[in-house]
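All remarks here apply to the structure that follows.
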There are 2 protein chains.
Amino acid sequence: MAARRDPDELVDPLEGAIGYEFRRAAAATILALEAAFAPLGLRPVEAVILRFVDANPGCNQAAISRALGVTRTNMVPFVGRLVGEGLIERQASDGRTHALFLTGQGREVCGRLAQIAQAQDERFFGAFDEATRRMLARAFRRMREEAGTSPRA
Amino acid sequence: MAARRDPDELVDPLEGAIGYEFRRAAAATILALEAAFAPLGLRPVEAVILRFVDANPGCNQAAISRALGVTRTNMVPFVGRLVGEGLIERQASDGRTHALFLTGQGREVCGRLAQIAQAQDERFFGAFDEATRRMLARAFRRMREEAGTSPRA
DNA sequence: TATTGTTATACTCTATAACTATA
DNA sequence: TATAGTTATAGAGTATAACAATA
């Protein structure tokens, strides 16, 4: 007996195409991460910046912008929001540079952030055993490096 | 001997975190795909829409919007551009619905598009053998379904 | 000269509300 | 009452150019 198809449900010509499934899965997990971070009033980018400041106390925002592939220009509103919410603070260091540090509240939020991110990783990658997860994480890192050698880099 | 670290190069506290590597790899492959499609004057979303029309001749744009998770509203400029470039055409069908079809040029572009997408898949996922790629594609699809059961769905 | 932080600006994508024509 | 397509609009992300202060 042939399966009936909802007339609304289209044939997906890209079903099973690995790059397509990869990109759509990533988009879905980003939406889920935004929802998970929303109670903290943070977006994923701001969360990553917070964790970079935590791991690199005293760094400046230009260094973070290079690490994340965000322009210096577009860092301004991100860092401004984090400062405005009292999560990080700027200290004059160089005359043209601000050294960034987490505040006490920033450290607390950063801890909660890390837990949420870890729970999301468990939610979406929990089906893989640890060895597979390490293999995939390395493969994803290599993909990023491979893309970095593209004409755009 | 301890490795010297570029003072500009920050410690990445999320290196090896699978969800983070996953999202950044996806962002990098999307940029690469945009660059690869640029000579055709198409963006990745428009390319997917073209392939949906190819696989579902006569469908309407609301059905595509549901399949892709794009609002009907935001389909308007995408479909408008594809029509404007002579790649798809609208035929009155329902009175309130337009049936979409590829033009001859649309079929040609669609074929080149598919080749480019396949080359990108090979570029980024070529290191995996076929069985692993099938396993991953299914895992990515499951991740999308899992995310779909989130509060946002 | 090069770098940091910034403003201004433009373009795209995304999200919501509302309108029309039709079913 | 629900659906298809559309317009208007607001918000966020992203991109380039330019400037002041500093190294």
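Everything numeric here is computed off the predicted structure, so don't read it as measured data. A note on names: the letters A, B, ... follow the listed sequences, proteins ahead of strands, and every chain is numbered from 1.
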Worksheet item: Where does the angle between the aromatic ring planes of A/Phe22 and B/Phe125 fall among parallel (under 30°), tilted (30 to 60°) and perpendicular (over 60°)?
Response: perpendicular
Fill in: A/Ile49 and A/Leu68, any side-chain heavy atoms less than 4.5 Å apart
yes
Practice prompt. For DNA chain C, find the residues of residues 88-100 of chain B with a heavy-atom distance under 4.0 Å and give them by number; none if there aren't any.
Written response: B/Asp94, B/Gly95, B/Arg96
Discussion item. Rounded to whole Å, please give me the gap between CD1 in A/Ile49 and C1' in C/dG5.
Written reply: 14 Å
Item to complete: Using whole Å, report how far CD1 of A/Ile30 lies from C1' of D/dA12.
Response: 14 Å
Fill in: For B/Thr132, all residues meeting side chain to side chain contact (heavy atoms under 4.5 Å, CB included), sequence neighbours excluded
B/Phe128, B/Asp129, B/Met135, B/Leu136
Worksheet item: Quick one: side chain to side chain contact (heavy atoms under 4.5 Å, CB included) partners of A/Ala38, sequence neighbours excluded?
Response: none
Fill in: Listed partners of A/Arg23 passing salt bridge (charged side-chain N to carboxylate O under 4.0 Å, His left out), at least two apart
none
Item to complete: Starting from the first five and the last five pairs of the helix from C/dT1-D/dA23 to C/dA23-D/dT1, work out the angle between the resulting helix axes, to 10 degrees.
Response: 0°
Discussion item. So, using side-chain hydrogen bond (donor to acceptor under 3.5 Å, both in side chains) as the criterion, who are the partners of A/Ser93 when residues are at least two apart?
Written reply: none
Worksheet item: Counting distance only, does the side-chain N/O of B/Arg123 pair as donor-acceptor with the main-chain N or O of A/Glu146 below 3.5 Å?
Response: yes
Response to the item:
For A/Arg96, the salt bridge (charged side-chain N to carboxylate O under 4.0 Å, His left out) test, sequence neighbours excluded, returns A/Asp94
Response to the item:
Applied to residues 74-93 of chain A, the salt bridge (Lys or Arg N to Asp or Glu O under 4.0 Å) test, sequence neighbours excluded, yields A/Glu46-A/Arg81
Worksheet item: For DNA chain C, which residues in residues 36-45 of chain B have a heavy atom at a distance below 4.0 Å?
Response: B/Arg43
Worksheet item: Residues two or more places apart in sequence or in another chain: which of them pass salt bridge (charged side-chain N to carboxylate O under 4.0 Å, His left out) with A/Arg107?
Response: none
Worksheet item: Does a salt bridge link A/Arg134 with B/Glu21, judged by any charged N lying under 4.0 Å from a carboxylate O?
Response: no
Worksheet item: B/Met75 pairs by side-chain contact (heavy atoms from CB on, under 4.5 Å) with which of B/Val79, B/Thr73, B/Thr71?
Response: B/Val79
Please list, one pair per line, the donor and acceptor atoms closer than 3.5 Å that link side chains of residues 51-59 of chain B to other protein atoms, with sequence neighbours excluded.
residue	atom	partner	partner atom	Å
B/Asn56	OD1	A/Val11	N	2.7
B/Asn56	ND2	A/Val11	O	2.7
B/Asn56	ND2	B/Phe52	O	3.0

Practice prompt. Could you identify which residues of residues 71-85 of chain A place a heavy atom less than 4.0 Å from some atom of DNA chain C, listed by residue number, or say none?
Written response: A/Arg72, A/Thr73, A/Val76
Practice prompt. Could you tell me the separation between the CG atom of B/Leu68 and the P atom of C/dA15, rounded to a whole number of Å?
Written response: 14 Å
